[in-house]
Peer 1: 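Supplied in structure tokens, the structure appears directly below.
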Amino acid sequence: MHVQQEQQSLESRYTPLAIEPKWQQIWAEQGLDQTPANQDQPKFYALSMFPYPSGNLHVGHTRNYVITDVVARLKRMQGHRVLQPMGWDAFGLPAENAAIDRGIHPAKWTAENITHMKDQLQLLGLSIDWDREITTCSPDYYRWTQWIFLEFFQAGLAYQKESAVNWDPVDQTVLANEQVDNEGRSWRSGAKVERKLLRQWFLKITDYAEQLLNDLDQLSGWPERVKLMQANWIGKSVGAYLEFPLIGLAQSIGVFTTRPDTAYGVTYLVLAPEHPLTRRITTPAQEAAVEAFVQEVTAQSELERTAEDRPKRGVPTGGKAINPFTGEAIPIWIADYVLYEYGTGAVMGVPAHDTRDFEFARTNRLPIEVVIVPEDQRQPPANPTEAYTEPGVLVNSGQFDQMPSDQAKAAIIQKAQTDGIGKARVQYRLRDWLISRQRYWGAPIPIIHCPQCGPVAVPAADLPVQLPENVSFSGRGVSPLAQLSEWINVPCPSCGTPAQRETDTMDTFIDSSWYFLRYADAQNAQAVFDPAKVNDWLPVDQYVGGIEHAILHLLYSRFFTKFLRDRGLLNFDEPFQRLLTQGMVQATTYQNPVTGKYVPPDQVDRGNPQDPDTGEPLEVLFEKMSKSKYNGIPPEAVTSKYGADTARLFTLFKAPPEKDLEWDAADVEGQFRFLNRVWRLVYEFTQNSQSAGGDSQPTSMTKAQKDLRRAIHTAIQAVSEDLEAHQFNTAVSELMKLSNALSDSACQDAVYLEGIETLVLLLAPFAPYIAEELWQALGHEQSVHRQNFPKADPEAMVLDEITLVIQILGKTRGTIQVPASANREELERYARDSELAQRYIQGKEIKKAIVVPGKLVNFVVA
RNA sequence: GGGGGCGUGGCGGAAUGGUAGACGCUGCGGACUUAAAAUCCGUUGACUGUUAAAAGUCGUGAGGGUUCAAGUCCCUCUGCCCCCACCA
């Protein structure tokens, strides 16, 4: 008895730094965060986008994990078996840069970062099942990344093609886009980056374009804007493929157009400089000019070529084609604005009806032929001053004259088909996914190139193709792997001839395109996963991550899921049921507006921010946390002073989850104060409760008791609804309201106890440590996190009286109290008879009374 | 150029077409204290008003509209933010 009392007694002061480590340990011992193995509860899979182990977590990262954890804890209390795993997206460029700059092996650098960041995560009270931790750079994981690649290869969806890379001519190395600055120079050598063609691996995501687009409709739990971004990225255009026969060659040039209705207005064709026909159609007179132009364009980096406001430049090839609709000969040009990768790499020029074509025709003195006029204007303008791009009626279009342009699209496609010169076609902006990286720190592509057999898959039994460890990182030359002849040279698995390994590694987006599947069966050493386990846990019920992954990561993951489903490994089409894209966390930065330099906050006098070097006044900004801006706030900055619960509440309360959040120390304190108030409520109650006795629910309640009970159950309802809608900020404010109602209440009875216990239970998903401590102090032995989340009792929320708003001509004039049971007529009578209404009506005639039951009465008076 | 979003007190932000500013922060006043911190109480959109109240007027970027009633719906404008971008 004595022992138990001691165990239960509560310190008078809230000491997070004492209670948090205690519960962390107890929970670990009890295995509270382990994923249940039972199948009798409904499953819930809560997932945060896994971090890149860059070295340090800041509160921008932890916001993500806290949101997921609140959802996971809530779902557990609501009777679900919950899977909440965590892992590391551990391949990638920064590790390799660290190796180049500091001589640390990427594996070591990454492992150290993971150790540190995992410690940081542990502080936050996240209910993560660490038994399922995965690390993408571990051979246990990338073995299966390679296995999945081979599935694509066997399905014919992984193929090789020549493609351009950023080439540093000084270091003789391939650069990632991030390693090329805005001026198109290499980050290390400063050399002007060139384009170079290499044979590289692609995944045929375009085969899934239509499905990836259509299935967006299934994703009712995704933000609209993410779905729109994906749809725009896939970029479906409906139009026609038309062929223009070449003069002097038994061949034609195919183009894609969304405007087949303008076919009679085609006065020239333009090819991309890389187009294979370019050199064949060029006439001797133009050869020199064309060659020079092709050289110039191909030497330019992607960045330069697509730079904004570039004039559209081109040269004539001298070659000519026939417009098969008009029968006229039209010139063929090449120009830098035509993209070889999109459509057919060739476009038809319709200057009269396309703004860009108009501009190009003007500059290059090409003919402009009007073939569409507005409906109310049947005469084509003699000298058009701009392109007419709207729908209209066809003119100068032979048999199609007078036809509305919308109708003409189909009619002209029909004619093209009949004449054998074209057909309807759907074109996507989405291109196949270039997955080759000429880097070390990634999963090696498991292919062996055999002079006899071509590219051959590494046999599954030989996986993983391990990364060799003894490698030098100079940042020069082709990839480190390509320099290791003993690693490269192997016999062909198929015929035994001497052959060579592929030296490219895979894009890290591949690693993250399937990690959410592996968590369902993370330890499996025999297979990529057990389909039964994956089909049980997946799809992810709630995915939480940054908006920056709205396109690529989410699209690739959807693609992998659909592909693996087609391979018979999965029985679902979409990996993520609900998606929450949380906003960034911003913190104060100090920037010198003259030099653009950022100054670390500890070198700045906040009252008078000046550059410590130059004395110039600094600009104070809120910006996304980043190393280069010195404004990253590590979670320890909060946890070491106020504890994890305060840190969690702050990030949840300060802003709605989708919005950016501004770091503010005063607001952090506000949350700490709130937790202190909750602590005191419970503490004082446990001190007084001996005298209050163990009354059960009184048979008849006083008004004060009824009011308190209503506040309790209203809070349950509001918190539940807000959590369901992911409005964590208002959910926390409801907790505060309940806490305020309890401290305002004079009761110290059974109703009050119900209120205190409800508050602690409602608080548990948000602030797990303090909730556990207080729950135990209230005399409970089982963890608060194993309790049922409270359910609102509708009876308790019934009001005897309601506040009725009185409006006169729509203007609120005040309120009156009326019985809640009053019907429409009674409400109107109460309102009309009220002193308040009489004062404003003053004998005027009531023309109309609008009664909104439970809310208001509005009198329209003359 | 295309697509999307947003504009509410000193600040972060609340408001199924129905009392705008919940909740919190800050500021101000007070209590407690020798004092401070912590804590507690009051107050904190602007204006008018009175000894004090009561009360009133205005107010959600600007202008118009729909409605008994608009922060919310519609139109025009304006400012800011994000994504994509020479996509034929």
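Letters go in sequence order (proteins before strands), and every chain restarts at 1. What you see below is based on every heavy atom in this structure, not just the backbone, and it leaves out hydrogens, waters and symmetry mates.
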Peer 1: Could you work out the separation of B:G17 and B:G71 based on their P atoms and round it to a whole Å?
Peer 2: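 These two P atoms come out 13 Å apart once rounded.
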Peer 1: Quick one: look up who B:U50 pairs with, Watson-Crick or G-U, both distances under 3.5 Å, and put none if it's unpaired.
Peer 2: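 Answer to the pairing question: none, since B:U50 forms no Watson-Crick or G-U pair.
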Peer 1: Write down the distance separating the P atoms in B:U26 and B:A37, rounded off to the nearest Å.
Peer 2: 13 Å
Peer 1: Tell me which nucleotide among B:C84, B:U26, B:G4 gets nearest to the side chain of A:A666.
Peer 2: B:U26
Peer 1: Between B:C84, B:G18, B:C87, which nucleotide gets closest to the side-chain atoms of A:I551?
Peer 2: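 Looking only at heavy atoms from C-beta outward on A:I551, the closest nucleotide is B:C84.
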Peer 1: Report the nucleotide, chosen from B:C25, B:U57, B:U19, that has the shortest atom-to-atom distance to any side-chain atom of A:T815.
Peer 2: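 It is B:U19.
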Peer 1: For A:N631 and A:S626, indicate whether the former's side chain and the latter's backbone hold a donor-acceptor pair under 3.5 Å.
Peer 2: yes
Peer 1: Is B:A22 paired to anything, Watson-Crick or G-U wobble with both distances less than 3.5 Å, and if yes, which nucleotide?
Peer 2: none
Peer 1: Can you give me the closest heavy-atom contact between A:G254 and A:T344, atom names plus distance?
Peer 2: O-OG1, 2.6 Å
Peer 1: What does the list of N/O pairs under 3.5 Å between the protein and nucleotides 7-12 of chain B look like, with a distance for each?
Peer 2:
{"unit_1": "B:G12", "atom_1": "O2'", "unit_2": "A:K654", "atom_2": "O", "d": "2.6"}

Peer 1: Among B:C25, B:C68, B:U39, which nucleotide sits nearest the side chain of A:N858?
Peer 2: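 That would be B:C68.
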Peer 1: Where do N or O atoms of nucleotides 1-3 of chain B meet protein N or O atoms at under 3.5 Å, pair by pair?
Peer 2:
{"unit_1": "B:G3", "atom_1": "O2'", "unit_2": "A:N232", "atom_2": "ND2", "d": "3.3"}

Peer 1: Check every strand shown and say whether A:R677 touches a base, only sugar-phosphate, or nothing at a heavy-atom separation below 4.0 Å.
Peer 2: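 It contacts sugar-phosphate atoms only.
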Peer 1: Among B:C87, B:U19, B:G13, which nucleotide sits nearest the side chain of A:T812?
Peer 2: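 Of the options given, the side chain of A:T812 lies nearest B:U19.
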Peer 1: Is the base of B:A88 touched by the side chain of A:R259 through a donor-acceptor pair closer than 3.5 angstrom?
Peer 2: no
Peer 1: Please give the distance between the C1' atoms of B:G27 and B:G9 as a whole number of Å.
Peer 2: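 To the nearest whole Å, 13 Å.
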Peer 1: Compare the minimum distances between each of B:C58, B:C87, B:U19 and the side chain of A:K811, then state the nucleotide with the smallest one.
Peer 2: B:C58
Peer 1: Rounding to an integer number of angstrom, what distance separates B:U72 and B:G63 when you compare their P atoms?
Peer 2: 13 Å
Peer 1: Counting only Watson-Crick pairs (N1-N3 plus N6-O4 or O6-N4) and G-U wobbles (N1-O2, O6-N3), all under 3.5 Å, who is the partner of B:G1?
Peer 2: B:C84
Peer 1: Return the nucleotide paired to B:U33: Watson-Crick means purine N1 to pyrimidine N3 with N6-O4 or O6-N4, wobble means G-U with N1-O2 and O6-N3, both under 3.5 Å.
Peer 2: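 Check on B:U33: unpaired, no WC or wobble geometry under 3.5 Å.
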Peer 1: Just checking A:N740: base, sugar-phosphate only, or nothing, at a heavy-atom cut-off of under 4.0 Å?
Peer 2: sugar-phosphate
Peer 1: For a quick check of understanding: with a heavy-atom distance under 4.0 Å over all strands, which category does A:R429 fall into, base, sugar-phosphate or nothing?
Peer 2: base
Peer 1: Roughly how many Å apart are B:C86 and B:G79, using the C1' atom of each and rounding to a whole number?
Peer 2: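 To the nearest whole Å, 29 Å.
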Peer 1: In whole Å, what separates the C1' atom of B:G18 from that of B:U67?
Peer 2: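 Looking at atom C1' only, B:G18 and B:U67 are 12 Å apart.
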Peer 1: Which part of the nucleic acid, if any, lies within contact of A:S237, taking any heavy atom under 4.0 Å across all strands shown: a base, the sugar-phosphate backbone alone, or nothing?
Peer 2: sugar-phosphate
Peer 1: Just to be sure I understand the geometry, which residues of residues 724-738 of chain A put a non-hydrogen atom under 4.0 Å away from RNA chain B?
Peer 2: A:N729, A:T730, A:S733, A:M736, A:K737
Peer 1: Establish, yes or no, whether a centroid distance under 6.0 Å links the rings of A:W663 and A:F650.
Peer 2: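 Yes: the rings meet the under 6.0 Å criterion.
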Peer 1: Base, sugar-phosphate, or nothing: which does A:V805 touch, judged by heavy atoms less than 4.0 Å apart?
Peer 2: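 If one applies the 4.0 Å heavy-atom cut-off, A:V805 turns out to touch a base.
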Peer 1: Look at all strands and tell whether A:G343 reaches a base, only sugar-phosphate, or nothing, counting heavy atoms closer than 4.0 Å.
Peer 2: nothing
Peer 1: Distance check, P atoms only: B:A14 and B:G30, in whole angstrom units.
Peer 2: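 Approximately 34 Å lies between the P atom of B:A14 and that of B:G30.
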Peer 1: Could you identify the nucleotide paired to B:G79, looking across every strand shown and requiring Watson-Crick or G-U wobble geometry with both distances under 3.5 Å?
Peer 2: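 Paired with B:G79, as far as the under-3.5 Å criterion goes, is B:C6.
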Peer 1: State which of B:G18, B:A88, B:G13 makes the closest approach to the side chain of A:V338.
Peer 2: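 Between B:G18, B:A88, B:G13, the one nearest the side chain of A:V338 would be B:A88.
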Peer 1: Using the P atom as the point on both nucleotides, what is the distance between B:A55 and B:A20, in whole Å?
Peer 2: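 Nearest-Å result for B:A20 against B:A55 at atom P: 15 Å.
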